[in-house]
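Structure record follows, encoded as structure tokens.
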Amino acid sequence: MRWAIISDIHANFQALETVLRKADSVGWDRMICLGDIVGYGADPNGCVELVSARCEVTIMGNHDAAALGITDTSRFSIPARESTQWTAAQLSAENRRYLGALPYSAEFGSFEIVHSTPEDPPAWHYLMTEFDAAALYDSFGKNLLFFGHTHVACVFQRTAGGAVSQLEPQSFPPADGSRYIINAGSVGQPRDGDPRASFALLDTDRKQVEFYREEYDIELAQRRIIDAGLPRILATRLSHGS
Ligand code: ZN
């Protein structure tokens, strides 16, 4: 079984289309989304419709919840708050209903998914470091946990002996006895210095986690943001992967 795992699309239709085309070309059986379909970008409805058509399971992200008015945005930056208000006004009734029905986490045979962290998903904590990761291994039961939220593709490994370390986000075979916390990176707004769209694939037959980075039409995504009247910084940051 090949699971395509996408996350943090952020209403970037150009990045989403590119990632789906790449996923189709390498092959997948089931596709899932780790949340934040909307927020920041200029195509919230188009992205919700494409994700809901392709993904078997999608979970709630903080920007999805914010656009629905069901999470606190007081800690959002000013551009994030402006884009939340714009997104809320844009979303169709049907897409609001779809987002409102999303769960905060999900479990499959060999892995679990959450947008932020597994101990309290709606608190929207950020998992950034080995220290953060080490504190979370008791909060989920499977050997693999995929998450989003930070927009930084990364891998944390805890060996059978209990040592936790951060690995490069490159394709790897999960080792027997180890447990992993994996960020698939962001489709629509990467923040790891690499502006290319990011996604991951889990192949449970070959026992392999794969990472992909794809160039997409950043200029068009930027023009859409500016034409929509959204804060300019949301366009310019796409060039830097920041
Ligand atoms: Zn996000």
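Excluded from the calculations below are hydrogen atoms, water molecules and symmetry mates; all remaining heavy atoms, backbone and side chain alike, are included. Since this is a predicted model, take the numbers as computed values, not measurements.
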Between S178 and T159, what is the shortest heavy-atom contact and its length?
OG-CA, 3.5 Å
Taking the side chain as everything from C-beta on, heavy atoms only, tell me whether V209 gets closer than 4.5 Å to P174.
yes
Spacing of CG belonging to L127 relative to OG belonging to S116, to within rounding of 0.5 Å:
9.0 Å
Look at the side chain of E112 and the backbone N and O of G141, then say whether any donor-acceptor pair between them is shorter than 3.5 Å.
yes
Report the C-alpha distance between M31 and V51 in whole Å, list the side-chain angles of each, state the deciding distance to 0.1 Å, and finish with yes or no for side-chain contact (heavy atoms from CB on, under 4.5 Å).
CA-CA 9 Å; M31 187 176 286; V51 168; over 6 Å; no
Given the rule that I, L, V, M, F, W and Y join up when any side-chain heavy atoms are under 4.5 Å apart, are L16 and M60 in one cluster?
yes
Measure up the W124 and Y104 rings against each other and bin them: parallel (under 30°), tilted (30 to 60°), perpendicular (over 60°).
tilted
In this structure, CZ of F111 is separated from CG of L145 (nearest 0.5 Å) by 10.5 Å
Rounding to 0.5 Å, atoms CD (Q157) and CZ (F172) come to a distance of 7.5 Å
Is it the case that the side chain of S77 and the backbone of A80 share a donor-acceptor pair, with hydrogens and angles ignored and the cut-off at 3.5 Å?
yes
For S139 and E119 the tightest heavy-atom approach is OG-CB, 3.4 Å
Going by heavy atoms in the side chains, are R223 and I225 under 4.5 Å from each other?
no
Taking the six-membered ring for Trp and the single ring otherwise, decide whether the centroids of H149 and Y126 are under 6.0 Å apart.
yes
For Q208, I'd like to know if atom CD has over 12 heavy atoms of other residues, nucleotides or ligands within 6.0 Å.
yes
Same apolar cluster: I70 and V48, side chain cutoff 4.5 Å:
yes
For the backbone of V38 and the side chain of D64, can you confirm whether one donor and one acceptor N or O come within less than 3.5 Å of each other?
yes
Among I6, I113, L102, which one satisfies side-chain contact (heavy atoms from CB on, under 4.5 Å) with T58?
L102
Check this for me: does any side-chain nitrogen of one of D24 and R54 sit under 4.0 Å from a carboxylate oxygen of the other?
yes
Identify whether the distance between the nearest side-chain nitrogen and carboxylate oxygen of D203 and R2 falls below 4.0 Å.
yes
Return yes if some donor-acceptor pair links the side-chain N/O of D8 with the main-chain N/O of P190 below 3.5 Å, else return no.
no
Would E214 and R196 pass as an ion pair if we require N to O under 4.0 Å?
no
Is any NZ, NE, NH1 or NH2 atom of the basic residue among D192 and R213 found under 4.0 Å from an Asp or Glu carboxylate oxygen of the other?
yes
So is R237 actually on top of Y40's ring, under 6.0 Å and inside 45° of the axis?
yes
Establish whether L144 and L201 are linked, either directly or via other cluster members, by ILVMFWY side-chain heavy-atom contacts under 4.5 Å.
no
In this structure, are over 12 heavy atoms from other groups packed under 6.0 Å from D176 atom CG?
no
Exercise: identify the closest heavy-atom pair between T150 and M128
CG2-SD, 3.4 Å
Smallest heavy-atom separation, Q222 atom then S239 atom, equals NE2-OG, 2.7 Å
Membership question, hydrophobic clusters at under 4.5 Å side-chain separation (ILVMFWY): are V152 and F147 in the same one?
no
Any side-chain heavy-atom pair of C154 and Q166 under 4.5 Å
yes
I want to check a possible cation-pi pair here: R21 against Y216, using under 6.0 Å from ring centre and within 45° of the ring axis as the test.
no
Within the 4.5 Å heavy-atom criterion, are F140 and S105 side-chain neighbours or not?
no
Take F146 and L202, measure what side-chain contact (heavy atoms from CB on, under 4.5 Å) needs, and give me the verdict at the end.
CA-CA 10 Å; F146 288 89; L202 168 65; 4.1 Å; yes
So CG of N62 and OG1 of T84: to nearest 0.5 Å the spacing works out to 8.5 Å
Nearest 0.5 Å, what's the CD1-CG distance between I233 and L230?
13.0 Å
Shortest non-hydrogen pair, V57 vs A106, comes out as CG1-CB, 4.1 Å
On a heavy-atom basis, the closest approach of C33 and I9 is SG-CD1, 3.6 Å
Connected via hydrophobic side-chain network under 4.5 Å: L167 and Y137:
no
Looking just at side-chain N and O atoms, do N12 and Q189 make a donor-acceptor pair shorter than 3.5 Å?
no
Does the side chain of Y212 reach to within under 4.5 Å of the side chain of V26, using non-hydrogen atoms?
yes
Do K22 and T18 have side chains that approach each other closer than 4.5 Å (heavy atoms only, starting at C-beta)?
no
So how far is it from E107 CD to K142 NZ, rounded to the nearest 0.5 Å?
5.0 Å
Could you give me the CA-CA distance, side-chain angles and deciding distance for R96 and Y98, then say whether side-chain contact (heavy atoms from CB on, under 4.5 Å) is met?
CA-CA 5 Å; R96 289 181 70 85; Y98 174 81; over 6 Å; no
Would you say that more than 12 heavy atoms from the other residues, nucleotides or ligands in this model lie under 6.0 Å from the CD of E94, or not?
no
Quick one, I226 with R232, criterion side-chain contact (heavy atoms from CB on, under 4.5 Å). Give me CA distance, side-chain angles, the key distance, then yes/no.
CA-CA 6 Å; I226 290 163; R232 259 195 118 75; 3.8 Å; yes
Taking the side chain as C-beta and beyond, is there a heavy-atom pair between F211 and V155 under 4.5 Å?
yes
So H63 and H10, would you call those rings parallel, tilted or perpendicular, with 30° and 60° as cut-offs?
perpendicular
For this output row, return yes or no: ring centroids of W3 and F108 closer than 6.0 angstrom.
yes
